Amino acid sequence: MKVLLLKDPKEDEGGQDPYIRELSSFGLEATLIPVLSFKFVSLSSFSEKLCHPEAYGGLIFTSPRAVEAAELCLEEESKSEAWNPVLREQWDAKPVYVVGSATGSRVRRIGLGTEGENCGYAEKLAEYICSRESPELPLLFPCGTLKRETLPKMLADQGVPMESITVYETIPHPGIQENLDNYFSKQGVPASITFFSPSGLTYSLKHIQALAGIRIEQIKFVAIGPSTAQAMAAQGLPVSGTADSPTPRALAEGILKVLQPPSCY
């Protein structure tokens with residue numbers, strides 16, 4: 001059974017996207033199509049902040065893209081000597097809060113430990129942070145232009161100091177229409193389509209509606225999380241299911257559940 005995931009492919013240690021591997025183990029033939037691109041901004045300012053861990057109580061990463069921005073800062077030739085073991089140890093001595101396994105894995109690649117990885121969503125991470133002792137210094141929160149205000153508001157309401165810095169902009173992937181055209185012409189209408197973000201939904205939905213036509217009623221639409229599900233509902237799109245957590249296994253189980261025929265009694 002063919003399913004479509006609107007996300008960019010990312011190979012793990014085994015050389016395969018974990019979502020492709022997991023869905024395949026459930027007998028689902030998954031295809032990935034990227035719908036978002038990113039432009040990094042304010043890296044010089046972010047780099048300067050990373051060189052001064054003494055000014056912050058910790059870090060918050062809610063997306064792999066924010067961690068990638070940190071990697072780019074540290075790869076700059078002018079900063080390569082700055083990210084020395086002492087500086088890394090200073091950051092590692094502070095809490096580094098993350099959302100999801102993909103973000104956590106990327107953080108560990110730059111030599112830092114993580115906390116809150118299993119929270120899954122920003123709202124749950126905010127609850128986790130608020131349950132800890134509030135730091136005297138602000139938590140540094142690198143984020144994108146389309147970040148939701150839920151986490152910052154929850155922290156502010158609980159008196160947890162935070163300093164955000166925008167390090168990337170989200171833009172439509174230039175190949176959305178062509179890639180979707182090719183998929184629908186060669187593979188036909190998929191049994192299920194999963195959206196991975198509200199912005200990904202915004203940039204791709206009109207193309208999917210045009211390509212599927214009246215057959216769109218055959219498609220089971222699935223959300224990777226509650227914020228995406230809310231965006232789908234706001235667009236009038238029926239939400240057949242939402243993954244219990246943003247992981248390959250949870251999504252595979254969620255898709256399989258909505259594709260199973262109803263039981264006959």
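Everything quoted here is computed from the prediction, not taken from an experiment. The basis for the numbers below is simple: all heavy atoms, side chains too, and nothing from hydrogens, waters or symmetry mates.
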Query raised in the report: Would you find more than 12 non-hydrogen atoms of other residues, nucleotides or ligands less than 6.0 Å from D244 atom CG?
Result: no
Query raised in the report: Salt bridge between K124 and E127, side-chain N to carboxylate O under 4.0 Å?
Result: no
Requested in this report: Look at the side chain of S25 and the backbone N and O of E22, then say whether any donor-acceptor pair between them is shorter than 3.5 Å.
Outcome: yes
**Report entry** Distance-only side-chain donor-acceptor flag, T170 / Y203, under 3.5 Å
**Finding:** no
Query raised in the report: Within the side chain of S47, is there an N or O that forms a donor-acceptor pair under 3.5 Å with the backbone of S44?
Result: no
Report task. Identify the heavy atoms of L125 and E115 that sit nearest to each other, and give their distance. Result -> CD1-O, 4.3 Å
Query raised in the report: Would a line drawn from the ring center of F46 to the ring center of F40 be shorter than 6.0 Å?
Result: no
Query raised in the report: Hey, does the side chain of D92 reach the backbone of G113 with a donor-acceptor pair shorter than 3.5 angstrom?
Result: yes
Requested in this report: Measure the spacing between CH2 of W91 and CD of E54 and express it to the nearest 0.5 Å.
Outcome: 8.5 Å
Query raised in the report: Out of curiosity, L23 CG to R249 CZ, how far, rounded to the nearest 0.5 Å?
Result: 10.5 Å
Query - Greater than 12 external heavy atoms within 6.0 Å of E217's CD - result: no
Report summary line: For A55 and P138 the tightest heavy-atom approach is O-CD, 3.8 Å
